[in-house]
Enquirer: 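Let me give you the structure first, and then I'll get to my questions.
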Amino acid sequence: MAEPYRIKMVEPIKMTTREQREEAIKRAGYNTFLLDSEDVYIDLLTDSGTNAMSDNQWSGMMLGDEAYAGSKNFKNLLAAVQDLYGFKYVVPTHQGRGAENILSQIMIEPGDYVPGNMYFTTTRAHQELNGATFVDVIIDEAHDSEAELPFKGNVDIEKFKKLINDVGAERIPYISLAVTVNMAGGQPVSMANIREVAEVAHSHGIKVFMDATRCAENACFIKQREPGYQHKSIPDILREMFSYADGCTMSGKKDGIVNIGGFLALNDPDLYQKAASLVVVYEGMPSYGGMAGRDMEALARGLYEAADYDFLTHRLSQVQYLWDMLDEAGIPIVRPAGGHAVFIDARKFYPHIPQDHFPAQTLAAELYVRSGVRSMERGIVSAGRDKEGRHHYPKLELVRLTIPRRVYTYAHLDVVADAVIDLYQERDKVKGLRMVYEPPVLRFFTARFEPL
Ligand code: PLI
């Protein structure tokens, strides 16, 4: 599908030489997070906060009501969340992890267990900081890059029930249900699975909190793939998805199509009171949290734009386009195409590099040097260490080519595909990396490496 928009403002990007990029990656400790953005040609590090806002959102920015309390933009954001997601209360935060911090603090007691459909870095970090143990209850196929399922983000209901049996429902404050599942490859969860998860959870007094970060993409997959939903609108599908949940955390930087912002949404008035008393400590007044009035206005408008079917069809078809080119060239990638990115299976790309030598980190660095394309490691470095200090060894050792919303054209994606295919032809020559600096939490952001 061609772009469902016209371009009326452009931002030049810099082309660099291979020598410049070799220098830049060395300075960055072979970590693409530490590269200067001006040294990047096509930036597929993340779809988080990197989106292009519309003229409608930018004009909303001019209507920012920057009063310290009772901003009208908060009312617009609240109304948008109530209308599209159906939750009663909204606590604005500076971004998704601000909402995760508050949710984890109001829900978790030390010694609790929080099941979820695969971990996400910041989500698990907040759960663990509050004394919980994260338990992965996603279906086994989600850990297999080759398994081809329409809803590969689904929860394995038996795993969830087993956890309830093993530790007792009273030790499980909530299940954390991501729609879509970032670390599994942007894979969606079906409505049938959401419904069943909620039935099991609620029958045991366990709450359901969704990670709504990419919920519009999930809704689009439901419309395209799940029987009975073809004729439903995206807002209707979203409302049904959230009708099974007690609340959600949201990073507006993804499916809110903004550069900053997020929120925690809730139905329970007591939980809202607890969240509202914490947000003033960590973020700001309950009527602005971590956001300026103008940012809340852009987010309120962005939530509606992300629920537009043409927007979503184009978004998913960009991802599919890149996926198809890599698949045709025989590149090992996570199947099927997900919602926000194409994920390369670095274990299969570099089978001679052991996981301890960071194959995905290596591939991300090589891709940058080859082409100026910036990608992100989503493997052993992102997975971090367990409580005993040992590496988590995730089955998926991936490099994510993440497509920002409304930023790049299909021609940019051709360049990306060519670069990956060239690298694949020379894969035998490449050696791994060793880590020379490691921070204690969320190490992938700032760790440094050297070539072996
Ligand atoms: O980056 P934040 O704090 O606005 O949101 C945290 C966050 C929560 N859940 C999920 C599924 C995410 O993907 C997420 C952030 N993701 C980033 C930054 C990414 O590059 O995927």
Side-chain angles (χ1 to χ4, degrees), residues 31-33 35 37 43-51 91-104 114 116-129 134 136 138 142 153 175-189 209-218 245 247-265 282-283 289-291 295-296 298-299 302-303 306 319 334 338-343 360 364 374-379 381-383 396 398-405 407 441-446:
N31 184 347
T32 52
F33 276 101
L35 287 167
S37 135
D43 202 347
L44 305 189
L45 181 70
T46 178
D47 62 330
S48 179
T50 51
N51 308 299
V91 181
T93 57
H94 70 286
Q95 56 184 73
R97 69 199 72 180
E100 291 170 348
N101 172 34
I102 292 171
L103 178 69
S104 302
V114 180
N117 48 347
M118 204 174 271
Y119 86 100
F120 183 71
T121 53
T122 57
T123 320
R124 187 180 65 190
H126 280 294
Q127 291 161 358
E128 289 178 348
L129 284 170
F134 171 80
D136 187 2
I138 203 167
I175 178 165
S176 175
L177 186 62
V179 287
T180 60
V181 184
N182 187 354
M183 304 299 271
Q187 303 295 337
V189 181
F209 282 101
M210 285 196 191
D211 181 339
T213 296
R214 296 183 182 85
C215 59
E217 288 161 15
N218 200 99
C248 74
T249 52
M250 176 68 176
S251 169
K253 300 170 74 173
K254 286 82 164 177
D255 275 353
I257 329 184
V258 290
N259 306 120
I260 194 72
F263 56 82
L264 170 64
Y282 291 104
E283 305 272 337
M291 280 188 276
D295 295 325
M296 291 191 281
L299 178 54
L303 292 177
V319 176
V334 173
H340 64 302
V342 177
F343 290 70
R374 170 153 69 172
S375 57
M376 184 192 285
E377 191 266 7
R378 295 275 80 160
V381 184
S382 296
L396 294 175
L398 308 175
V399 167
R400 189 179 72 175
L401 302 164
T402 337
I403 304 186
R405 293 162 189 77
V407 172
V441 275
L442 299 175
R443 63 183 181 179
F444 56 95
F445 284 125
T446 54

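Start at 1 and go down the list; that is how both ligands and their atoms are numbered. It should be emphasised that the depicted structure is a prediction, and the values quoted were computed from it without experimental measurement.
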Enquirer: In terms of atom number and element, which parts of ligand 1 are under 4.0 angstrom from non-hydrogen atoms of Arg97?
Expert: 1 (O), 2 (P), 3 (O), 5 (O)

Enquirer: So, taking the atom named OG1 in Thr249 and the one named CE in Met210, what distance separates them when rounded to the nearest 0.5 Å?
Expert: 11.0 Å

Enquirer: Thr46 heavy atoms, cut-off 4.0 Å: which ligand 1 atoms fall inside?
Expert: 19 (C), 20 (O)

Enquirer: Using a strict cut-off of 4.0 Å, indicate which atoms of ligand 1 neighbour a heavy atom of Ser48.
Expert: 1 (O), 18 (C)

Enquirer: Less than 3.5 Å between some nitrogen or oxygen of Thr122 and one of ligand 1, yes or no?
Expert: no

Enquirer: Give a yes/no verdict on whether any heavy atom in Met183 is under 4.0 Å from an atom of ligand 1.
Expert: no

Enquirer: Could you check whether any side-chain heavy atom of Glu217 comes within less than 4.5 Å of a side-chain heavy atom of Asp255, counting everything from C-beta outward?
Expert: yes

Enquirer: Give the residue and atom name of whichever protein heavy atom lies nearest to atom 9 (N) of ligand 1, and the separation in Å to one decimal.
Expert: Asp211 OD2, 2.6 Å

Enquirer: Nearest 0.5 Å, what's the CG-CZ distance between Leu45 and Arg400?
Expert: 7.0 Å

Enquirer: Relative to the heavy atoms of Met376, which atoms of ligand 1 are at a distance of less than 4.0 Å?
Expert: 20 (O)

Enquirer: Against the six-membered ring of Phe120, is Arg97 placed for a cation-pi contact (under 6.0 Å from the centre, within 45° of the normal)?
Expert: no

Enquirer: Ion pair present between Asp43 and Arg374, side-chain N to carboxylate O less than 4.0 angstrom?
Expert: yes

Enquirer: Among all protein heavy atoms, pick out the one at the shortest distance from atom 2 (P) of ligand 1; state its residue, atom name and that distance to 0.1 Å.
Expert: Gln95 NE2, 3.3 Å

Enquirer: I want to check something: taking the side chain as every heavy atom from C-beta on, are Met291 and Ile260 in contact at a cut-off of under 4.5 Å?
Expert: no

Enquirer: Measure from atom 12 (C) of ligand 1 to every heavy atom in Phe120, Phe33, Phe445 and give the option owning the shortest one.
Expert: Phe120

Enquirer: So, do Glu377 and Ser382 sit near enough that their side-chain heavy atoms are less than 4.5 Å apart?
Expert: yes

Enquirer: Do you see a donor-acceptor pair shorter than 3.5 Å between the side chains of Glu100 and Thr122?
Expert: yes

Enquirer: Under 3.5 Å, N or O to N or O, is Arg378 touching ligand 1 that way?
Expert: no

Enquirer: Please list the nearest protein heavy atom to atom 4 (O) of ligand 1 with its residue and the distance rounded to 0.1 Å.
Expert: Ser251 OG, 2.6 Å

Enquirer: If the cut-off is 4.0 Å to any non-hydrogen atom of Gly96, which atoms of ligand 1 fall inside it?
Expert: 2 (P), 3 (O), 4 (O), 5 (O)

Enquirer: For atom 16 (N) of ligand 1, grab the closest protein heavy atom and report residue, atom and distance to one decimal in Å.
Expert: Lys254 NZ, 3.0 Å

Enquirer: Give the residue, atom name and distance (to 0.1 Å) of the protein heavy atom nearest atom 21 (O) of ligand 1.
Expert: Arg400 NH1, 2.8 Å

Enquirer: Assess, by modelled atom type and distance only, whether the side chains of Asn182 and His340 contain a donor and an acceptor separated by less than 3.5 Å.
Expert: yes

Enquirer: Any nitrogen or oxygen of Lys253, side chain or backbone, less than 3.5 Å from one on ligand 1?
Expert: no

Enquirer: With a 4.5 Å cut-off on side-chain heavy atoms, are Phe445 and Thr121 touching?
Expert: no

Enquirer: Note the single closest protein heavy atom to atom 8 (C) of ligand 1, along with its residue, its atom name and the distance in Å.
Expert: Glu100 OE2, 3.1 Å

